[in-house]
Amino acid sequence: MRVAVAAGPGRTALLKELADDGTGQGAGVLLNDLPDAVAGYARAGQVRWVWADTAETYPALLRAGVRVDRCHDVRLVGALLAGRDGGPGAAAGGAGGPAADRPAPGPGRLAAGQQAALFGPAEPGFAEVSTALDQLVAAHADQLRRIAADPHPGRFGLLAAVESAGGLVAAEMQARGVPWRADVHDALLASLLGNRPAAGLPPPRLAELASQISAAFGGRPVNPDSPAQLIKAFAADGVRIPSTRLGVLRDVDHPAVPVLLEYKELSRLHTANGWAWLDEWVSRGRFRPEYVVGGVVSGRWATRGGGALQIPRVLRRAVVADPGWVLVVADAAQLEPRVLAALAGDHAFAEAAGTGDLYQALAGAFGGDRAKAKVALLSAMYGGAGGEASQLLAVLRRRFPRADRYVEAAARAGEEGRVVRSRLGRSCPPPSAEWRGLTAEADDPDAAEQRARRSLRARGRFTRNFVVQASAADWALVLLGGLRRRLAALQDPGLDGSGPLDGPGLVFFQHDEVIVHCPEAAAGDVVAAIGAAAEEAGRLVFGDTPVRFPVSTAVVSSYADAK
DNA sequence: TTCCGTTGCGCG
DNA sequence: AAAGCGCGCAACGGAA
């Protein structure tokens, strides 16, 4: 059953049960306590909650101790549909669909601790909530129709479902938080940077390195954080460099270089994940980033603040399970090339992808060289053609023609200004007006023509990569939804007083990797759940394919010990 | 002073 | 080792 709900002041809400086609009967039912009502429905049977925005509604339910199994997020699904139909907001991703897909929020969000307000047709604000509910029901019914009208309604419907489930996972992960040992983090910083400096001052080690850098430039004062000053300083010593990138500096022969490289590495740690980050983002033993579902055009997630998807590897040792608990770290091995194998239906390629090490299985085609197989595949997926790649691509084309044709067709579509879609039907954004203008006129003066050609190629690389990256994101999202369902089943339903966040639960998701935090005794069940979810994801997204999507799992106390 | 484009680097 | 794709964030430095 589908039930639409629009929040009112406090814990109040208006609710309407929906028929299978999304239509509702009569006026909304007034609720004084939404969490209570949601829990009641859950006891009575399966419900898919229909609401405007999971990120707005669900956190308050979780705070009230109520979990929901399924939902339809009108904002997220609206963004998917807008992308497909070329509506406004198509590129907004997690930022929201067009106004038509986003019912006006009720006047009162569920504020924590707020008492249930008296609320009824006579109260101010009631009309707005009532209107919001009507708009929500209409938008949802419209979305169901548009999903059904897709060339692949089954796949696109699955995408809508897992995108919505992603919203639930994101809210739950933020509420749980990543277990984070501030003391371990602090000790690591101190060992690398010296003791914590007073606010605004550089750490001792950085100050020391900075003065060594100046000394290496003959005492000339140089701010090592300023690329412009560095380039000038090098030039004064007769060394001309185009930039101060790592790769450039590595090949420069100058006494400042080794010190500068160390400075850059430590400075990065200090500014991105130093004490200030620790203060701002870690509290009561948890790091709670805000996830943005569908925040990347390919369907990958983004985060807002905290840089959760760019946590440097060196900091993983600060991610430590609670006493008596463990982290189950799972990583989909070689996901993107496997996705390409399944997408293309290339028999020889798919057979190779039925094995544990895809690159090794393909090595035979490249003179037994696994590294060459890897370069060839990455070049095919990313559009690289430098150095040895073009030669390896020729091998790929000959031995695995369908895989080659698949990515080439995507690239051609991009160069022609068309849009491409992922396996489940997520659309890439259309080219910008600027791109169209730039690439429209064919025979221009040389410079303009060259710019146009560069834009064409860039767009081709984007769409070439999109079909793979976005389909991999499809798979990961289906895995995430299936894993969430299985983890919930692991909870002991008879356990009194346990909240929705107390048992085994997802605490981290990064493109092709998940972390589950769970009691030690549950680790075996969690590992099995991950394996089952991965198998299910392959089947649901790609149907009958010999391609396997193996997931490596590690049961560890610290994230640093995985892999 | 604030704003914004550029540079550089972390992650997949 | 870097490259081809996708991001977020911090610092710099010039513009407003």
Side-chain angles (χ1 to χ4, degrees), chain A residues 91 93-94 202 206 222-232 241-251 260-261 263-274 276-277 280-281 289-292 294-316 331-337 339-340 371-372 374-390 392-393 407 410-411 414 420 422 426 428-429 454 457-473 475-476 508-514 559 563:
Chain A
L206 285 184
V222 178
N223 176 0
D225 290 321
S226 167
Q229 288 185 31
L230 283 172
I231 287 173
K232 270 188 202 154
I241 49 173
S243 78
T244 59
R245 283 194 182 85
L246 231 51
V248 173
L249 286 179
R250 244 194 295 270
D251 299 328
L260 188 52
L261 293 180
Y263 178 91
K264 275 175 161 285
E265 186 181 346
L266 293 178
S267 170
R268 166 81 196 176
L269 178 66
H270 176 243
T271 55
N273 298 100
W277 183 92
E280 184 174 355
W281 292 104
E290 182 184 352
Y291 295 92
V292 185
V296 178
V297 288
S298 63
R300 284 180 169 187
W301 290 14
T303 55
R304 231 185 325 255
L309 302 183
Q310 296 97 237
I311 298 297
R313 300 180 74 95
V314 65
L315 272 186
R316 292 183 180 183
D331 181 289
Q334 305 161 342
L335 178 58
E336 293 194 352
V339 163
L340 173 57
K372 285 186 178 175
K374 185 173 176 178
V375 169
L377 268 180
L378 294 182
S379 301
M381 293 188 296
Y382 293 155
E388 194 182 21
S390 59
L392 297 175
L393 278 172
V407 288
V420 294
S422 74
R426 189 186 306 268
C428 79
R454 257 209 309 279
R457 290 287 166 78
R459 173 87 190 162
R461 284 194 302 273
F462 169 62
T463 49
R464 169 197 294 271
N465 183 251
F466 182 93
V467 292
V468 178
Q469 188 185 111
S471 298
W475 180 89
F508 193 58
F509 169 52
Q510 187 177 32
H511 313 314
D512 59 0
E513 184 180 359
V514 296
Y559 187 20
K563 289 204 226 190

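As the structure is a computational prediction, the values presented were derived from the model and not from experiment. Proteins come first, then strands; the chains are lettered A, B, ... in the order of their sequence lines, and each starts at number 1. The figures that follow rest on heavy atoms only: side chains count, while hydrogens, waters and symmetry mates do not.
Backbone-only contact: A/I311 has heavy atoms under 4.0 Å from sugar-phosphate atoms and none from a base. At the heavy-atom level, A/R461 lies under 4.0 Å from the strands shown only through sugar-phosphate atoms. Here A/Q469 lies in heavy-atom contact (under 4.0 Å) with a base. At a threshold of 4.0 angstrom between heavy atoms, the contacts of A/S298 with the nucleic acid are absent. Heavy atoms of A/N223 sit under 4.0 angstrom from primed sugar atoms or phosphate atoms, though from no base atom. Residue contacts for A/R316: at a heavy-atom cut-off of 4.0 Å it reaches the sugar-phosphate backbone alone, with no base atom in range. Contacts of A/L246 with the nucleic acid, taken as non-hydrogen atoms under 4.0 Å apart, involve only primed sugar atoms and P, OP1 or OP2. As judged by a 4.0 angstrom heavy-atom cut-off over every strand, A/R313 is placed among residues touching the sugar-phosphate backbone only. If you check every strand for non-hydrogen atoms under 4.0 Å, A/S226 touches sugar and phosphate atoms only. Contact annotation for A/R245: backbone-only contact, meaning every heavy-atom pair under 4.0 Å involves sugar-phosphate atoms and none involves a base.
Contact footprint of chain A on DNA chain C: nucleotides with an atom under 4.0 Å from a non-hydrogen protein atom, first to last in 5' to 3' order, C/dA2 to C/dG13.
Computed from coordinates, the A/Q310 CD to B/dG12 P distance equals 10 Å when rounded to whole Å. One interatomic measurement links the two molecules: OH of A/Y263 to P of B/dG8, which rounds to 15 Å at whole-angstrom precision. Look at CG on A/L261: it is 13 Å from P on B/dG8, rounded to the nearest Å. Rounded to whole Å, atom C1' of B/dC9 lies 15 Å from atom CG of A/L309. A/Y291 has its OH atom 13 Å from the C1' atom of B/dC11, to the nearest Å. In this structure, A/R250 places its CZ atom 12 Å from C1' of B/dC9, rounding to the nearest Å. For the pair A/M381 CE and B/dG12 C1', the interatomic distance rounds to 12 Å; values are reported in whole Å. Put simply, CZ on A/R300 is 9 Å from C1' on B/dC11, counting in whole angstrom units.
Of the nucleotides present, none pairs with C/dG4 by Watson-Crick or G-U wobble criteria with both distances under 3.5 Å.
Residue A/K264 places at least one side-chain N or O closer than 4.0 Å to OP1 or OP2 of B/dC9. OP1 or OP2 of B/dG8 has at least one side-chain nitrogen or oxygen of A/S243 nearer than 4.0 Å.
Here A/Y291 contributes atom OH and A/F509 contributes atom CZ; the two are 9.5 Å apart, rounded to the nearest 0.5 Å. Taking CD of A/E265 as the start and CG of A/L261 as the end, the distance is 9.0 Å to the nearest 0.5 Å. Within the model, atoms CD1 of A/I231 and OG of A/S226 stand 8.5 Å from one another, a figure rounded to the nearest 0.5 Å. Distance check, rounded to the nearest 0.5 Å: CD of A/Q469 to OH of A/Y382 gives 7.5 Å.
Annotated as anti: B/dG8, whose glycosidic dihedral deviates from 0 by more than 90°.
Each of A/A458 and A/R268 was assigned the nucleotide of DNA chain C with the nearest heavy atom; the assignment lying further toward the 5' end belongs to A/A458.
Heavy atoms of other residues, nucleotides or ligands lying less than 6.0 angstrom from NZ of A/K264 number more than 12. Atom CD of A/Q334 has more than 12 heavy atoms from other residues, nucleotides or ligands within 6.0 Å. Residue A/R457 places its CZ atom among 12 or fewer non-hydrogen atoms of other residues, nucleotides or ligands, all under 6.0 Å distant.
The shortest distance between side-chain heavy atoms of A/P224 and A/L260 falls below 4.5 Å.
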